[in-house]
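None of the values given here were measured: they were computed from a predicted structure.
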Protein chains: 2
Amino acid sequence: MQTKEKILEAALSLYNEKGVNTITTRHIAASINISAGNLHYHFKHTDDIIQSLYNQLAGEFDEQVSEMESARVTDLSAIVGFAEKSFSIVYKYRFFFLNFVEIGNRIPAIKKAYQQLTARRKKEFTGVFQLLIRNGIFRSDIPENIWSALLTQIFIVGDFWLSNNELTNQFQGKKAAKEYGKIFEAMFYPYLK
Amino acid sequence: MQTKEKILEAALSLYNEKGVNTITTRHIAASINISAGNLHYHFKHTDDIIQSLYNQLAGEFDEQVSEMESARVTDLSAIVGFAEKSFSIVYKYRFFFLNFVEIGNRIPAIKKAYQQLTARRKKEFTGVFQLLIRNGIFRSDIPENIWSALLTQIFIVGDFWLSNNELTNQFQGKKAAKEYGKIFEAMFYPYLK
DNA sequence: AAAATATTAGTACATTTGTTCTAAATATTG
DNA sequence: CAATATTTAGAACAAATGTACTAATATTTT
């Protein structure tokens, strides 16, 4: 494996484990037995590492939105399936979501990219909702502004379930994604016909 | 005003404005024209300042939960009222909520206190839900696990609406609380009879 | 194989930060 | 008013951090 990849892999692992603010380039370098100088040859600035990891994350989300685009959504299970995939991406890159605001402020390009990604995902979800209403899965008596609010709720829960877990339940490892998956799924229950 | 109070006031203001991680004790001291040495006479450690601010925050929340306890909740407007109050407390101490996980990990006493507070608020909300079902405001055909999931959703949205705003909409000042208040209120809509 | 290029370790430096220490000034108490 | 305690400013320090620089080594190209 290339040094560059090794750095990214080690950084992700350490950031996830100890938090993005406690890990320095020296820690990352030491963990793969290279010098700090070498690390900075590959990534001039620490933020370049974080940016690279965000690009990975965004790539995986993009892929998932594309799948959603091309899939034929006929019932709730499709949404649940996408949610599961989202949750596992969030878990994989959890250090971002546990410090999202700070990272977004520190690296504006990340905030901007995230906004675009969110806009795209929102549009996708709106389409799915309309389809599920037409198919008689979702209630047809819900006003537009409630659907719109639901979308925001979905994104808040989708982005911050991990933070809630960290602060309260502290389910370990993949169990967290599983438990919060159920909570996420329950969001749709009262909208079912 | 006592120096100690001045420090807390300045810290809250600067933390809210620039984020808890970019502000140092020197910044806080400078902003009220005292020396860093003096500041550290009043607060030996930086974290003592944050802890003090958390105690203030928890006090205001406690007060609000107590009100909820004693109030006679007969319709949704009561919940909305409590939510508004919560939202304004969150806004007042926004730096916490924008970095909650990190602060909680850095100062375990805060995490612990927050968990207890959350437990108390959850119990309170559960009581209110039951009342509203009995009063025919909420639907009576919702299974227990869905109510329980709703509670968690409520706390996630209640704690992280600000983070979502920071990352996406960026409503300024009190407008943010107002807009997200609407989104919060909408959470209850599909549960209404 | 020689030359050019890329990669690496190690050192060094400037800055920042939390905190401690000292001595002066101020306020409080007897 | 004298003694005592509190508060304050300012200097000083050690540790940490990001990153630049240098020289050696390894790899690739010609």
Side-chain angles (χ1 to χ4, degrees), chain A residues 1-55 95-96 98-99 101-111, chain B residues 1-55 95-96 98-99 101-111:
Chain A
M1 193 169 26
Q2 323 273 338
T3 304
K4 209 160 180 171
E5 289 171 49
K6 271 202 246 173
I7 293 170
L8 288 175
E9 195 183 85
L12 178 59
S13 164
L14 287 172
Y15 285 157
N16 278 340
E17 204 182 331
K18 310 259 189 185
V20 73
N21 278 314
T22 63
I23 294 299
T24 70
T25 48
R26 278 176 173 84
H27 293 130
I28 298 168
S31 86
I32 51 174
N33 297 309
I34 66 168
S35 65
N38 189 6
L39 182 146
H40 278 283
Y41 167 77
H42 290 283
F43 293 95
K44 204 153 195 254
H45 303 283
T46 307
D47 284 358
D48 295 341
I49 298 175
I50 298 173
Q51 177 74 58
S52 273
L53 289 172
Y54 180 80
N55 294 345
F95 83 91
F96 271 112
L98 296 173
N99 264 56
V101 174
E102 207 201 334
I103 294 173
N105 285 334
R106 189 163 127 196
I107 309 172
I110 288 184
K111 191 192 270 196
Chain B
M1 193 166 30
Q2 322 273 339
T3 305
K4 210 160 179 172
E5 290 171 48
K6 269 200 248 174
I7 293 169
L8 289 174
E9 195 183 85
L12 177 59
S13 164
L14 286 172
Y15 285 157
N16 279 339
E17 204 182 331
K18 310 259 189 185
V20 73
N21 278 315
T22 64
I23 293 298
T24 71
T25 47
R26 279 177 172 84
H27 292 130
I28 298 169
S31 86
I32 51 174
N33 297 308
I34 67 169
S35 65
N38 189 7
L39 182 146
H40 278 283
Y41 167 77
H42 290 283
F43 294 95
K44 203 151 196 259
H45 303 282
T46 307
D47 284 358
D48 296 341
I49 299 174
I50 297 172
Q51 178 74 57
S52 273
L53 289 173
Y54 179 79
N55 293 345
F95 82 91
F96 271 112
L98 295 174
N99 264 54
V101 174
E102 208 202 335
I103 294 173
N105 285 334
R106 187 164 128 195
I107 309 173
I110 288 184
K111 192 193 267 196

How long is the line joining NZ of A:K4 and C1' of C:dT8, in whole Å? 15 Å
Tell me: CD1 of A:I7 to P of C:dT7, nearest whole Å? 11 Å
Interface polar pairs with nucleotides 14-17 of chain D, N/O, under 3.5 angstrom:
none

Starting at atom CD of B:Q2, determine the distance to atom P of C:dT26, rounded to an integer number of angstrom. 18 Å
How is B:N33 classified with respect to the nucleic acid when contacts are heavy atoms under 4.0 Å: base, sugar-phosphate, or nothing? sugar-phosphate
Ignoring backbone atoms, test whether A:N38 places a side-chain nitrogen or oxygen under 4.0 Å from the OP1 or OP2 oxygen of C:dT7. no
Supply the atom-to-atom distance A:E17 CD to A:T22 OG1, rounded to the nearest 0.5 angstrom. 9.5 Å
Got B:V101 and B:K111 here, is their nearest side-chain heavy-atom distance under 4.5 Å? no
Euclidean distance, atom NE2 of residue A:H40 to atom P of D:dT22 [Å, nearest integer]: 18 Å
Please confirm whether the shortest side-chain N or O distance from A:Y41 to OP1 or OP2 of C:dT7 is below 4.0 Å. yes
Rounded distance [0.5 Å steps], CD in B:E5 versus CD1 in B:I32: 11.0 Å
What is the separation between atom NZ on B:K44 and atom P on D:dT7, rounded to the nearest whole Å? 16 Å
Hey, does the side chain of B:H42 come within less than 4.0 Å of D:dT7's phosphate (OP1/OP2), counting only N and O? no
Separation of B:D47 atom CG from C:dT17 atom C1', in whole Å? 13 Å
Value for OG1 (A:T25) from CG (A:D48), rounded to nearest 0.5 Å, stands at 11.5 Å
Side-chain contact, heavy-atom cut-off 4.5 Å: B:I7 with B:I34? yes
In whole angstrom, what separates B:I28's CD1 from D:dT8's C1'? 17 Å
What is the separation between atom CD1 on B:I50 and atom C1' on C:dT17, rounded to the nearest whole Å? 14 Å
Any idea how B:Y15 and B:F95 line up, ring-wise: parallel (<30°), tilted (30 to 60°), or perpendicular (>60°)? tilted
Spatial distance of atom CD1 (A:I49) from atom CD1 (A:I28) [nearest 0.5 Å]: 4.5 Å
